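First the structure, in the form of structure tokens, and then the observations on it.
Sequence positions, counted from 1, serve as the residue numbers for this chain. In this text, all values refer to a predicted model and were calculated from it rather than measured experimentally.
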Amino acid sequence: MRATKAIIHIDYFKENIRKIRGFTANGVKMCVPVKADAYGHGAVECARAAVECGVDYLAVATVGEGVELRNAGIKAPVLLFSLCSPEEVDDAVSHDITPFVFDCEYVSLFDEAAGRLGKERYPVHLAVDTGMGRIGCRPEDAAGIASMIAGSRNLFQEGTMTHFATSDCKDPDSVAYTEKQFSLFRKAIDSIRREGLEPGICHCANSAATLDLPETHMDMVRPGIIVYGYDAGDVDMKYLAGKGTPIELKPVMTLVTEVSAVRRFKAGSSVGYGRTWKAEADTDIAVLTIGYGDGFVRRFSQAGIKVAINGKEYPVRGRICMDQCMVDLGLDSGVKRWDRAVIFGSREDGALQTAADIADMTGTISYEVTTVLTRRVPREFVGLE
């Protein structure tokens with residue numbers, strides 16, 4: 001296996017799920033998203049682990065992601081969070097991937113496909129847009145779309161959902177907006193019931209709401225980033241401890257590489273493309289076998305990121321290249337060629353920072369730091385039962 005790799009702690013992943021379960025009442029279902037290759041962690045392996053933990057539903061963003069799970073033998077219900085093209089509908093239906101629907105055209109596409117493929121009572125979830133501005137019908141149109149589903153030949157409404165836009169923010173405006181969204185969602189559900197129809201599994205709670213807003217749990221929660229060991233915005237571990245509902249999540253991924261060379265540079269020498277960094281004094285520079293082609297992206301170059309080698313921090317210098325980057329060792333560091341370098345992850349693996357720390361330093365979120373890791377970074381799964 002290549003020295004640059006992402007170590008995926010499946011035991012941490014399962015432990016996080018079990019801890020999150022402690023925030024929900026008995027009977028509340030759980031849906032775990034494994035879209036974008038499980039946020040970079042490996043979709044098939046994480047899906048299997050989630051099912052072993054008793055997770056009720058999995059979720060993907062594309063039909064291809066759902067097909068990958070089915071081809072791996074995963075039989076758990078799979079929700080399709082994003083829309084697909086007409087050309088993909090038959091694949092979705094033939095692989096029993098459950099879509100979110102919200103308008104006449106999309107309902108008809110799936111009704112016709114279910115008929116062609118002999119799928120009776122094919123499940124769909126009605127998406128209601130209460131303020132995210134992405135997909136979903138208007139709350140006042142929910143009953144009408146539900147009636148259309150009920151009147152179709154081959155579909156049935158297995159569930160009804162919405163998605164919060166600001167539940168991970170604790171400023172007053174954001175809190176009020178989440179409350180407004182939840183109120184609109186409940187009104188939409190009530191309107192469906194007034195038509196004599198069943199909304200099915202009602203769900204809206206994302207990571208932040210799962211941990212912070214038990215009143216939003218309804219029939220199912222959808223924790224995402226927290227199952228991979230990272231906080232959901234302002235609803236972090238410090239906030240939850242202060243609220244009296246503590247939880248300790250473990251980062252599931254550790255990104256490691258190795259030192260491929262150590263070279264002495266004189267004061268004034270430059271390193272990397274564009275000569276953006278020059279040594280102020282004599283120093284040793286280590287070359288690491290990781291770059292933006294792996295997902296350690298170029299814009300991280302000037303952020304002050306440090307990597308851990310032999311338990312000590314060393315700063316990245318110069319521009320990150322496609323396949324390599326350089327770090328400043330100073331003099332007499334003792335670092336040698338082939339020593340392991342830890343970019344981020346679990347302290348048990350020798351990391352001195354997490355993906356969240358890198359996100360804070362670079363103006364992004366932990367989701368992006370893990371998800372951008374490319375396929376050429378092998379995933380090494382540990383903690384498997």
- Item | Inter- and intrachain pairs under salt bridge (charged side-chain N to carboxylate O under 4.0 Å, His left out), touching residues 86-99, at least two apart | Asp90-Arg116, Asp96-Lys119
- Message: With a 4.5 Å cut-off on side-chain heavy atoms, are Tyr177 and Asp171 touching?
- Response: no
- Salt bridge present between Asp332 and Lys312 (N-O < 4.0 angstrom): no
- Task: Could you pull out the closest heavy-atom pair between Pro251 and Tyr12, with the gap in Å?
- Result: O-CD1, 3.4 Å
Enumerate donor-acceptor pairs with a distance under 3.5 Å from any side-chain N or O in residues 187-198 to protein atoms, sequence neighbours excluded.
from   : atom 1 : to     : atom 2 : distance (Å)
Ser191 : OG     : Ala188 : O      : 2.6

- With a 4.5 Å heavy-atom cut-off, do Val101 and His125 have their side chains touching? no
- Message: The criterion is side chain to side chain donor-acceptor pair (under 3.5 Å); which residues satisfy it with Thr24, sequence neighbours excluded?
- Response: none
- Item | side-chain hydrogen bond (donor to acceptor under 3.5 Å, both in side chains): pairs with one or both residues in residues 242-262, sequence neighbours excluded | Thr4-Thr257, Asp212-Lys243, Thr254-Asp349, Thr257-Thr289
- Does atom CZ of Arg376 have more than 12 heavy-atom neighbours from other groups under 6.0 Å away? yes
- Would you say the side-chain atoms of Ser270 pair up with the backbone N or O of Arg275, donor to acceptor, closer than 3.5 Å? no
- CZ on Arg264 to OG1 on Thr283, rounded to 0.5 Å: 8.0 Å
- Task: With the side chain counted from C-beta on, respond yes when Asn16 and Ile226 share a heavy-atom pair under 4.5 Å apart, and no when they do not.
- Result: no
- Item | Whether Arg48 side chain and Ala72 backbone form a donor-acceptor pair below 3.5 Å | yes
- Using atom types as modelled and distance alone, determine if a side-chain donor or acceptor of Asp231 lies under 3.5 Å from a backbone N or O of Gly233. no
- So, the side chain of Gln181 versus the backbone of Ala165: is there a donor-acceptor pair under 3.5 Å, distance only? yes
- Residue pair Thr354 / Tyr230, side-chain heavy-atom distance below 4.5 Å: yes
- Could you label the plane-to-plane angle of the Phe110 and Tyr106 rings as parallel, tilted or perpendicular, counting under 30° as parallel and over 60° as perpendicular? perpendicular
- Please examine the side chains of Leu373 and Asp294, heavy atoms only from C-beta on, and report whether any two atoms are closer than 4.5 Å. no
- Query: What's the verdict on side-chain hydrogen bond (donor to acceptor under 3.5 Å, both in side chains) for Ser167 and Thr178, showing C-alpha distance, side-chain angles and the deciding distance?
  - Reply: CA-CA 6 Å; Ser167 61; Thr178 300; 5.2 Å; no
- Item | Asp111 and Ser108 side chains, donor-acceptor separation under 3.5 Å | no
- Message: Working note: Lys14 + Glu52, criterion salt bridge (Lys or Arg N to Asp or Glu O under 4.0 Å); need CA distance, chi angles, decisive distance, verdict.
- Response: CA-CA 9 Å; Lys14 289 183 173 181; Glu52 288 171 6; 2.5 Å; yes
Under 3.5 Å, side-chain donor or acceptor atoms of residues 144-152 against the rest of the protein: list the pairs with distances, not counting sequence neighbours.
from   : atom 1 : to     : atom 2 : distance (Å)
Ser147 : OG     : Ala143 : O      : 3.0
Ser152 : OG     : Ile149 : O      : 2.6
Ser152 : OG     : Leu155 : N      : 3.3

- If you measure from CD1 on Ile8 to CG on Asp11, what distance do you get to the nearest 0.5 Å? 11.5 Å
- Note on the structure: salt bridge (charged side-chain N to carboxylate O under 4.0 Å, His left out) pairs touching residues 136-156, sequence neighbours excluded, are Arg138-Glu140, Arg138-Asp141
- Task: Could you tell me whether a side-chain N or O of Thr374 sits under 3.5 Å from a main-chain N or O of Gly293, the two making a donor and an acceptor?
- Result: yes
- Item | Heavy-atom check, side chain of Ile320 versus side chain of Phe300, under 4.5 Å | yes
- Student check: side-chain heavy atoms of Leu58 and Leu79 closer than 4.5 Å: no
- Hey, does the side chain of Ser183 reach the backbone of Glu179 with a donor-acceptor pair shorter than 3.5 angstrom? no
- Note on the structure: Those residues at least two apart in sequence (or on a different chain) that pass ring-ring contact (aromatic ring centres under 6.0 Å, His included) with Phe81 are Phe100
- Does a side-chain heavy-atom distance below 4.5 Å link Cys137 with Leu126? yes
- Query: Rounded to the nearest 0.5 Å, how far apart are OG1 of Thr130 and CZ of Phe182?
  - Reply: 10.5 Å
- CG/Asn154 to CZ/Arg121 distance, rounded to the nearest 0.5 angstrom? 11.0 Å
For residues 27-44, please give each side-chain donor-acceptor pair under 3.5 Å, one per line with the distance, not counting sequence neighbours.
from  : atom 1 : to    : atom 2 : distance (Å)
Asp37 : OD1    : Ala43 : N      : 2.9
His41 : ND1    : Ala38 : O      : 2.9
His41 : ND1    : Tyr39 : O      : 3.1

- Residues in ring-ring contact (aromatic ring centres under 6.0 Å, His included) with Phe13, at least two apart? Tyr228
Please table the atom pairs, donor to acceptor, closer than 3.5 Å between any side-chain atom in residues 213-223 and protein atoms at least two apart or in another chain.
from   : atom 1 : to     : atom 2 : distance (Å)
Thr216 : OG1    : Leu213 : O      : 2.7
His217 : NE2    : Ala209 : O      : 3.4
His217 : NE2    : Thr210 : O      : 2.9
Asp219 : OD2    : Cys202 : N      : 2.8
Arg222 : NH1    : Thr162 : O      : 3.3
Arg222 : NH1    : His203 : O      : 3.2
Arg222 : NH1    : His203 : ND1    : 3.0
Arg222 : NH2    : Thr162 : O      : 2.9
Arg222 : NH2    : His163 : ND1    : 3.0

- Note on the structure: Distance col, row Asp103:CG vs Ile135:CD1, nearest 0.5 angstrom, shows 10.0 Å
- Message: Hydrophobic clustering (ILVMFWY, side-chain heavy atoms < 4.5 Å, transitive) - are Ile17 and Ile225 grouped together?
- Response: yes
- Main-chain N/O of Trp338 paired with Arg340 side-chain donor or acceptor, under 3.5 Å: no
- Item | Counterpart residues, side chain to side chain donor-acceptor pair (under 3.5 Å), relative to Thr370 (two or more places apart) | none
- Note on the structure: In this structure, CD1 of Ile343 is separated from CG of Leu352 (nearest 0.5 Å) by 11.0 Å
- Walk me through it: do Asp173 and Lys180 pass the test salt bridge (Lys or Arg N to Asp or Glu O under 4.0 Å)? CA-CA 10 Å; Asp173 285 348; Lys180 177 183 176 182; over 6 Å; no
- Is the backbone of Lys266 close enough, under 3.5 Å, to the side chain of Ser269 for a donor and an acceptor to pair up by distance? yes
- Step through the shown structure and confirm whether more than 12 heavy atoms of other residues, nucleotides or ligands are within 6.0 Å of CZ on Arg298. no
- Residues in salt bridge (Lys or Arg N to Asp or Glu O under 4.0 Å) with Arg299, at least two apart? Glu368
- For Met132, does its backbone N or O pair with a side-chain atom of Asp129 as donor and acceptor, under 3.5 Å? yes
